[in-house]
2 protein chains.
Amino acid sequence: MDTTQRTEQQRSADRRRRELLEAADRVVLRDGPQASMNAIAAEAGITKPILYRHFGDKGGLYAALAKRHTDALLDSLRAALDAPAERRERVEATLDTYLAAIEARPQVYRFLMHPSDGSPGEQGFDVGKHSAPLLRRMGEELAQVIEDRVDLGPGSQQLARVWGHGIVGMMHAAGDWWLGERPCTRAELVRSLADLLWGRLAAAGDKLGGPGV
Amino acid sequence: MDTTQRTEQQRSADRRRRELLEAADRVVLRDGPQASMNAIAAEAGITKPILYRHFGDKGGLYAALAKRHTDALLDSLRAALDAPAERRERVEATLDTYLAAIEARPQVYRFLMHPSDGSPGEQGFDVGKHSAPLLRRMGEELAQVIEDRVDLGPGSQQLARVWGHGIVGMMHAAGDWWLGERPCTRAELVRSLADLLWGRLAAAGDKLGGPGV
DNA sequence: GACTCACGTTACCGCTAGTAACACGCACGT
DNA sequence: ACGTGCGTGTTACTAGCGGTAACGTGAGTC
């Protein structure tokens, strides 16, 4: 009895929690990452303390919110990464998946990448602790895939992790810039980035004439 | 006379401004990016309204503060980029310069990369507008250097810009991760990243056995 | 009918960014 | 010599934020 009753309550609580998250989602989508707790509570039709009872603090709510989108995006990326195709094709598909996602919902992307900060009270100075968790997770996932599928010889694990985070950062920064300026099509961007990863920078020759021409 | 008098005042104002910036620098170095205007004013030995008279709002102060460090770092990077050496050597030197800088002053780095946000009142939804300006500037600079010195054939300008931002992002993300976990020495990180840019990912073979081993 | 307990509220605290209004000092014109 | 601006600085304030304590209130239970 005790257990069933508890599960009943827990289900109710979970449903409420999901409703609150969806309301928060709507507000963040509308107001950007600096959406206030008041606004979120109002959108959900309740008041602040309930939010705090469910999520602890603003950081908790944002973390829960971010986890949903992050998981969704990572699923898409995994599908592209694990497809049975040539490596270059997989790389291009993954880049394109990511860029299509941030292109489709820029606000969500901005929220995930610039979560302002979690808790203004605690200020642990660990660099990167407040940094976007999405980038870290993507980097780790990519590192795992690289290590699993690419033969890198000795020191492969460490190399794979460096590359995972590096490639993700490349994708992110180029995507951020591209989203702001739109200097080319998505396909062109994907091709350019893949070319970079394929060593075209090293293969290209020096420009003649030195500085001046 | 009028001009000399004005310059006199302007010099005084500039000196004051520099003093304020140095005080703000100290506070940000100590309290992180969420240093309050009150704290900065107290450190400078004055009160808030003076800060606002000099810098407009918090965003203005942070922009001025960031510009100093950004300019300094960019100068170092330019020196490494323009050195008369082989391309690979220059790339490694540049990576190392950047990583050494963020290693030496993590707080400054964090402040430059995560400027919270400038103006909470205005919320224009341009993605990337609030993003770290340092990354953008580094990306543009690197793009220029690539375009000037590397022969990329047709479409070189656009390609150079994509690569500039992409490489900077790679450097940034890998540096951020490395600074947090310190999984290897700086030299190893530099070498791994340079290897990535040199196409070692494309050159490596598939791992045998498929998924499972 | 009294008790419990989760759900929800109002009203508050301490903090922040930012501003209006007032006060001192110093060079200036008449 | 005496106002008069004007730059420099202050105090005291507003509006809004994250977060919390204390207070209803209605449903199920003995």
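All values reported here derive from a predicted model rather than from experimental measurement.
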Excluding sequence neighbours, so at least two apart, what forms side chain to side chain contact (heavy atoms under 4.5 Å, CB included) with S36(A)?
N38(A), A39(A)
With a 4.0 Å cut-off on N to O distance, would you call R17(A) and E22(A) a salt bridge?
no
Please list, chain by chain and in numerical order, all residues satisfying ring-ring contact (aromatic ring centres under 6.0 Å, His included) with W177(A), sequence neighbours excluded.
H165(B)
With sequence neighbours left out, write down each residue that passes side chain to side chain donor-acceptor pair (under 3.5 Å) with R105(B), or none if nothing qualifies.
none
Let me check something: any side-chain donor-acceptor pairs from residues 73-83 of chain B under 3.5 Å, sequence neighbours excluded? List them with distances.
from: D75(B); atom 1: OD1; to: R78(B); atom 2: NH2; distance (Å): 2.9
from: S76(B); atom 1: OG; to: A72(B); atom 2: O; distance (Å): 3.3
from: R78(B); atom 1: NH1; to: E141(B); atom 2: OE1; distance (Å): 2.6
from: R78(B); atom 1: NH1; to: E141(B); atom 2: OE2; distance (Å): 2.6

Scan residues 16-24 of chain A against DNA chain D and write down, sorted by residue number, each residue with any heavy atom closer than 4.0 Å; if none is found, say none.
none
Side chain to side chain donor-acceptor pair (under 3.5 Å) partners for R191(A), two or more places apart
none
Within this structure, what is the CD-to-C1' distance between Q34(A) and dT16(C), rounded to whole angstrom?
15 Å
Residues that D96(B) engages under side chain to side chain donor-acceptor pair (under 3.5 Å), provided they are two or more places apart:
R186(B)
Roughly, in whole Å, what's the span from CG in N38(B) to P in dC13(D)?
16 Å
Within the modelled atom types, does a donor on one side and an acceptor on the other bring the side chain of R53(A) and the base of dG19(D) under 3.5 Å apart?
no
Please report the distance, rounded to the nearest Å, between CG in L51(B) and P in dA17(C).
10 Å
Please report the distance, rounded to the nearest Å, between CE in M37(B) and P in dG16(D).
20 Å
Can you list the residues that meet the salt bridge (Lys or Arg N to Asp or Glu O under 4.0 Å) rule with E147(A), with sequence neighbours excluded?
none
Would you say R88(A) has more than 12 foreign heavy atoms packed within less than 6.0 Å of its CZ?
yes
When the distance from CD1 of I50(A) to P of dT10(C) is rounded to whole Å, what number comes out?
10 Å
Send over the distance from Y52(A) OH to dT10(C) C1', rounded to a whole Å.
16 Å
Taken to the nearest whole Å, CD1/I40(A) to P/dC17(D) is 11 Å
Roughly how bent is the helix from dG1(C)-dC30(D) to dT30(C)-dA1(D) end to end, in steps of 10 degrees, with each end axis from five pairs?
30°
Distance-only donor-acceptor pairs under 3.5 Å for side chains of residues 40-48 of chain B, two or more places apart:
from: E43(B); atom 1: OE1; to: R30(B); atom 2: NH2; distance (Å): 3.3
from: E43(B); atom 1: OE2; to: R26(B); atom 2: NH1; distance (Å): 2.5

Contacts of R149(A) that satisfy side chain to side chain donor-acceptor pair (under 3.5 Å) - sequence neighbours left out
none
Could you list by number each residue of residues 41-49 of chain B showing a heavy-atom separation from DNA chain C of less than 4.0 Å, or answer none if no residue does?
K48(B), P49(B)
